[in-house]
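Below, read A as the first sequence line, B as the second, and so on, with proteins coming before strands; counting in each chain starts at 1. Fair warning: this is a prediction, and the values are worked out from it, not measured in the lab.
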Protein chains: 2
Amino acid sequence: MDKFKRNERIASILYILTTNPSKVFTYNHFTDMFNAAKSTISEDIIVAKDLVEKLKIGYIKTISGAAGGVIYLPNISKEEEEEFLSSICEKISENDRMMPGGFIFMMDLLYSPEIAKKIGKIFASKFISQEIEYVVTIETKGIPIALMTAQILNVPLVIVRKDAKITEGATVSINYISASTKKIETMSLSKRAMKEGARVLIIDDFMKGGGTAKGMVDMMKEFKAEVKGVGVFISTRTPENKLIDDFISLLVLEELDENEGKLIIKPNLEKIY
Amino acid sequence: MDKFKRNERIASILYILTTNPSKVFTYNHFTDMFNAAKSTISEDIIVAKDLVEKLKIGYIKTISGAAGGVIYLPNISKEEEEEFLSSICEKISENDRMMPGGFIFMMDLLYSPEIAKKIGKIFASKFISQEIEYVVTIETKGIPIALMTAQILNVPLVIVRKDAKITEGATVSINYISASTKKIETMSLSKRAMKEGARVLIIDDFMKGGGTAKGMVDMMKEFKAEVKGVGVFISTRTPENKLIDDFISLLVLEELDENEGKLIIKPNLEKIY
């Protein structure tokens, strides 16, 4: 077996923990891997723990007891979050992103793995204490940010479909009114998609009237799930009264006037902090 | 500014490189961050470089010249890949996953961030030398594995839609014949989704006749893109002649007999190695 120096053990422990956020590793995992005593590993972990705090990338926590071990919980500093959200607002405002019908072209942002990961980190850090068991989203544009949130929380992603697909067996279907089309739409989820009574976090890219989010909340009732939070990337200022009261929105679309070419979007500092 | 010890610098460099795969960092990035001399940083990078090879998680490469710096390219060992793919085949075979119509229930696997990331790492390691500029997939089930592939290659994801959505401006549409429905279907992509003439990698979860993959290849022609590879998670043994010749499949579905309850799926060792 390869011998690891102290330098290498500390770096390896940090690598393993940070690439597996929210996952508990036993001390034995590391003592076996490095063929080292528990006291040695404990000292290494203390160095790693101090380092993640110095780098402001989250926390390493040690859990005692039979199911004990060590876990890395990512976090993003307020400054980094503000700076990131402001830079995204600039990007959205800068270019010619207005589409006919009052939509904003955002695929390049929402589908960028780097941006999606940072959005996921922001959502995850806000709900990390809620012991979330599933992240739930609806196809299609919200999937990347929801997947990244799920990855950081170390839980499965559940994707609600916009119509019943024959490939997923028995499904539960819900009707809802989409704010964008004003029509009654159907969303479906395979009965096997999640266990009953789970604690879930709903993530979506955009909220206007809240009809889609309300549909997902209703869908969760069918699975007896507890909705511990709803997070959307962008919500619109109007209508003020949405079908969902309790949600976190990272950005607020204050104004969008296609005819005048006016688009005002801001980080939602009131609601987040 | 905080002082960093050697231990901490090495671990931090490894953290920064491994959480940003395929991204070049200049030496200045690290000399500024740690307030250290270039020679010091060079020594630290050598330790990190040896360590990633010892851990068999990829390679750290140094690039000289004006655009020079250091980059981490993830890799997965053959043993780890084989072991992982075998374990997935076991999971698919073990449970009662056969759905009416000859489909397999796989959402729990494809939507698991941990599994999707590993699949992404396998795809990325096979195409890492191709200088891919976009990973392209079609909604919905392939999105998580495609996003993870894109993340590791450090390129944007492009999601082709199954019908033209009004929210994405002018679109290019292609008709294709889906093997599962035998019907003519339409796929669409926003004209602004990618620049012309790009080098792309197509990723999807499942291939039977190859109609959908062929549709995506045709779509890429409309963007004058060079398709540098097609990767699917599962392909079926039959039909032997698919509409696409050149693709990599990680698993092969040898047999699926709903009436007899027979499902045989294997890692595709011939084609991969």
Subject >> Side chain proximity check, B:E114 to A:Q151, heavy atoms < 4.5 angstrom >> reply: no
**OP:** Taking the side chain as every heavy atom from C-beta outward, state whether B:Y15 and A:T19 have any atom pair closer than 4.5 Å.
**Re:** no
Original post:
Heavy atoms, side chains only, cut-off 4.5 Å: are B:N7 and A:E8 in contact?
Top reply: no
**OP:** Would you mind reporting whether B:I159 and A:M107 have side-chain heavy atoms less than 4.5 Å apart?
**Re:** no
**OP:** Evaluate the side-chain proximity of B:E139 to A:K141: yes if any heavy-atom separation is below 4.5 Å, no if none is.
**Re:** no
Original post:
So which part of A:V155 gets closer than 4.5 Å to some heavy atom of chain B, the side chain, the backbone, both or neither?
Top reply: backbone
Original post:
If you count heavy-atom pairs under 4.5 Å with chain A, which of B:N154, B:L14, B:L51 comes out on top?
Top reply: B:L51
Subject >> Residue pair A:S190 / B:F105: nearest heavy atoms and the distance that separates them >> reply: OG-CE1, 3.4 Å
Subject >> Partner chain B: residue of A:V47, A:N20, A:I57, A:I10 with the largest heavy-atom pair count (under 4.5 Å) >> reply: A:I57
Original post:
Do other residues, nucleotides or ligands put more than 12 heavy atoms under 6.0 Å from the CD atom of A:E83?
Top reply: no
Subject >> Atom of A:L147, atom of B:Y111 and distance for their closest heavy-atom approach >> reply: CD1-O, 4.3 Å
**OP:** May I ask you to decide if B:K3's main-chain N or O and A:K54's side chain share a donor-acceptor pair within less than 3.5 Å?
**Re:** yes
Original post:
Are there more than 12 heavy atoms of other residues, nucleotides or ligands under 6.0 Å from atom CD of B:E258?
Top reply: yes
Subject >> Per-residue contact mode, A:I143 against chain B (heavy atom under 4.5 angstrom) >> reply: side chain
Original post:
Do the non-hydrogen side-chain atoms of B:P156 and A:D108 ever get within less than 4.5 Å of each other?
Top reply: no
**OP:** State, with a plain yes or no, whether a side-chain heavy atom of B:R97 is found less than 4.5 Å away from one of A:R192.
**Re:** yes
Subject >> Residue among B:A170, B:P144, B:S112, B:A116 with most heavy-atom pairs under 4.5 Å to chain A >> reply: B:P144
Subject >> Residue part contacting chain A, namely of B:M148, when any heavy atom lies under 4.5 Å >> reply: side chain
